[in-house]
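Given the structure is predicted, the values throughout are model-derived calculations rather than measurements. Computation of the quantities below employed the complete heavy-atom set of this structure, encompassing side-chain atoms and omitting hydrogens, waters and symmetry-equivalent molecules.
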Amino acid sequence: MFKASVLTLFPDAFPGVLGVSVIGTALNHGLWALETVDIRKFSRHKHASVDDTPAGGGAGMVLRPDVAATAIDAVTAPHNGERPLIYLTPRGRPLTQTRVRELAAGPGVVVFCGRFEGLDQRVIEARGMEEVSVGDAVLAGGEVAAQYLIEACVRLIPGVIGDPASAEEESFEGDLLEYPHYTRPRVWEDREIPEVLLSGNHAKIAAWRREQAERITKERRPDLWARHSRRDGE
């Protein structure tokens, strides 16, 4: 079973969005498991402090390596590090749907949620942490990013989504963004559903959706379009 262990200073932030809709239902039905670990409980310092001033000076605080490593080891040691250990940081490699599929197919993830200016680099190196970014923006901490990553993985677990085919036509599958969707009423605020979608001609509908996906990808994500074009040329 896929298990997500989250190391955080704010365990009350979980399950958050992971406890609602199909993801929450799957959690309640035992299709996946969620464990939250309070990093602060592993501090042996006065007032349970977990951070200190940056070496070399500068603003903010840095998560201490002794506290962070003790918390990480408590989670990973019993299982011999079989699950990827992920540190969520803006400087990490961008999370891709390909990586999400790889993670979802495994036994789960251990996710470390950073705070303050970040985590002491020695821990990242010593524990072989995989640095991952969920977008080109800076958050106050890694909790929202952790829920983002976990939800992306869990929804790919068999039985979580009602219709598995829906996951095969989504954005990033085949390096294309998803085509537009419509539903009733047929006319809304003088805007009509494209006629081809009402034609009943499945071949034409499939072709239209493909054209739309390609157009949107080319306009909005030239990086994906370039990768898609290279794959098509192989």
Side-chain angles (χ1 to χ4, degrees), residues 1-43 48-51 61-97 99-120 123-124 126-135 137-157 160:
M1 180 175 62
F2 184 95
K3 180 178 180 180
S5 296
V6 182
L7 294 105
T8 172
L9 292 174
F10 300 98
D12 289 345
F14 295 85
V17 297
L18 300 175
V20 300
S21 190
V22 295
I23 306 298
T25 299
L27 178 61
N28 293 333
H29 288 172
L31 294 180
W32 70 286
L34 175 65
E35 173 189 30
T36 53
V37 179
D38 188 348
I39 298 170
R40 195 174 298 278
K41 290 184 177 180
F42 295 87
S43 174
S49 64
V50 297
D51 57 341
M61 305 291 280
V62 177
L63 286 166
R64 294 179 58 105
D66 50 352
V67 178
T70 303
I72 291 169
D73 293 346
V75 175
T76 60
H79 305 285
N80 297 317
E82 63 180 4
R83 291 178 292 164
L85 174 58
I86 295 174
Y87 173 47
L88 295 160
T89 169
R91 74 179 193 184
R93 293 182 183 276
L95 181 65
T96 65
Q97 190 66 15
R99 184 59 180 137
V100 166
R101 284 195 296 268
E102 292 171 350
L103 294 172
V109 291
V110 178
V111 183
F112 190 99
C113 300
R115 279 277 158 176
F116 316 122
E117 294 303 307
L119 175 61
D120 189 297
V123 180
I124 298 171
R127 296 298 182 268
M129 302 177 79
E130 177 182 347
E131 297 184 77
V132 172
S133 169
V134 299
V138 180
L139 302 173
E143 285 72 23
V144 172
Q147 294 184 28
Y148 176 109
L149 181 148
I150 294 168
E151 179 171 314
C153 294
V154 169
R155 62 187 302 278
L156 297 182
I157 296 173
V160 173

*Asks:* As a quick check of understanding, evaluate side chain to side chain donor-acceptor pair (under 3.5 Å) for Ser133 and Arg93, giving each step before the final call.
*Replies:* CA-CA 6 Å; Ser133 169; Arg93 293 182 183 276; over 6 Å; no

*Asks:* Name the one of Val75, Leu63, Thr8, Ile124 that satisfies side-chain contact (heavy atoms from CB on, under 4.5 Å) with Phe112?
*Replies:* Leu63

*Asks:* With respect to Val100, which candidate in Val154, Leu149, Leu95 satisfies the side-chain contact (heavy atoms from CB on, under 4.5 Å) definition?
*Replies:* Leu95

*Asks:* Between CG of Leu31 and CZ of Phe2, what distance do you get to the nearest 0.5 Å?
*Replies:*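 It is 12.5 Å, given to the nearest 0.5 Å.
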
*Asks:* Given the rule in the side chain to side chain contact (heavy atoms under 4.5 Å, CB included) test, do Gln97 and Leu156 qualify, once you have shown the distances and angles that lead to the verdict?
*Replies:* CA-CA 10 Å; Gln97 190 66 15; Leu156 297 182; 3.9 Å; yes

*Asks:* What is the distance from atom OH of Tyr148 to atom CD1 of Ile150, rounded to the nearest 0.5 Å?
*Replies:* 13.5 Å

*Asks:* Work out which heavy atom in Ala104 is nearest to a heavy atom in Cys153; give both atom names and the distance.
*Replies:* CB-O, 3.4 Å

*Asks:* Which pair of heavy atoms, one from Ala13 and one from Glu143, lies closest together, and at what distance?
*Replies:*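 Heavy-atom minimum between the residues: CB-CG, 4.3 Å.
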
*Asks:* Do you know which of Val134, Val138, Leu139 makes side-chain contact (heavy atoms from CB on, under 4.5 Å) with Pro90?
*Replies:* Val138

*Asks:* Quick check: closest heavy atoms across Leu119 and Met129, and the distance to 0.1 Å?
*Replies:* CD2-SD, 3.8 Å

*Asks:* Would Val111 and Leu7 count as a side chain to side chain contact (heavy atoms under 4.5 Å, CB included) here? Give the steps.
*Replies:* CA-CA 6 Å; Val111 183; Leu7 294 105; over 6 Å; no

*Asks:* Hey, what do you get for OG (Ser5) to CD1 (Ile72), rounding to the nearest 0.5 Å?
*Replies:* 12.0 Å

*Asks:* Just so I know, are the side chains of Lys3 and Arg83 near enough to count as touching, which here means a heavy-atom distance under 4.5 Å?
*Replies:*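 Result yes, sub-4.5 Å side-chain heavy-atom pair found.
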
*Asks:* Heavy atoms only: give me the nearest Ala145-Leu88 pair and the separation to one decimal.
*Replies:*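 Closest approach of Ala145 to Leu88, heavy atoms only: C-CD1, 3.7 Å.
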
*Asks:* Check this for me, if you would: do Arg40 and Asp38 make a salt bridge, where the nitrogen-to-carboxylate-oxygen distance has to be below 4.0 angstrom?
*Replies:*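 Result for this pair is no, no salt bridge flagged.
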
*Asks:* Apply the test side chain to side chain contact (heavy atoms under 4.5 Å, CB included) to residues Phe116 and Leu9: give CA-CA distance (whole Å), side-chain angles for both, the deciding distance (0.1 Å), then the verdict.
*Replies:* CA-CA 11 Å; Phe116 316 122; Leu9 292 174; 3.9 Å; yes

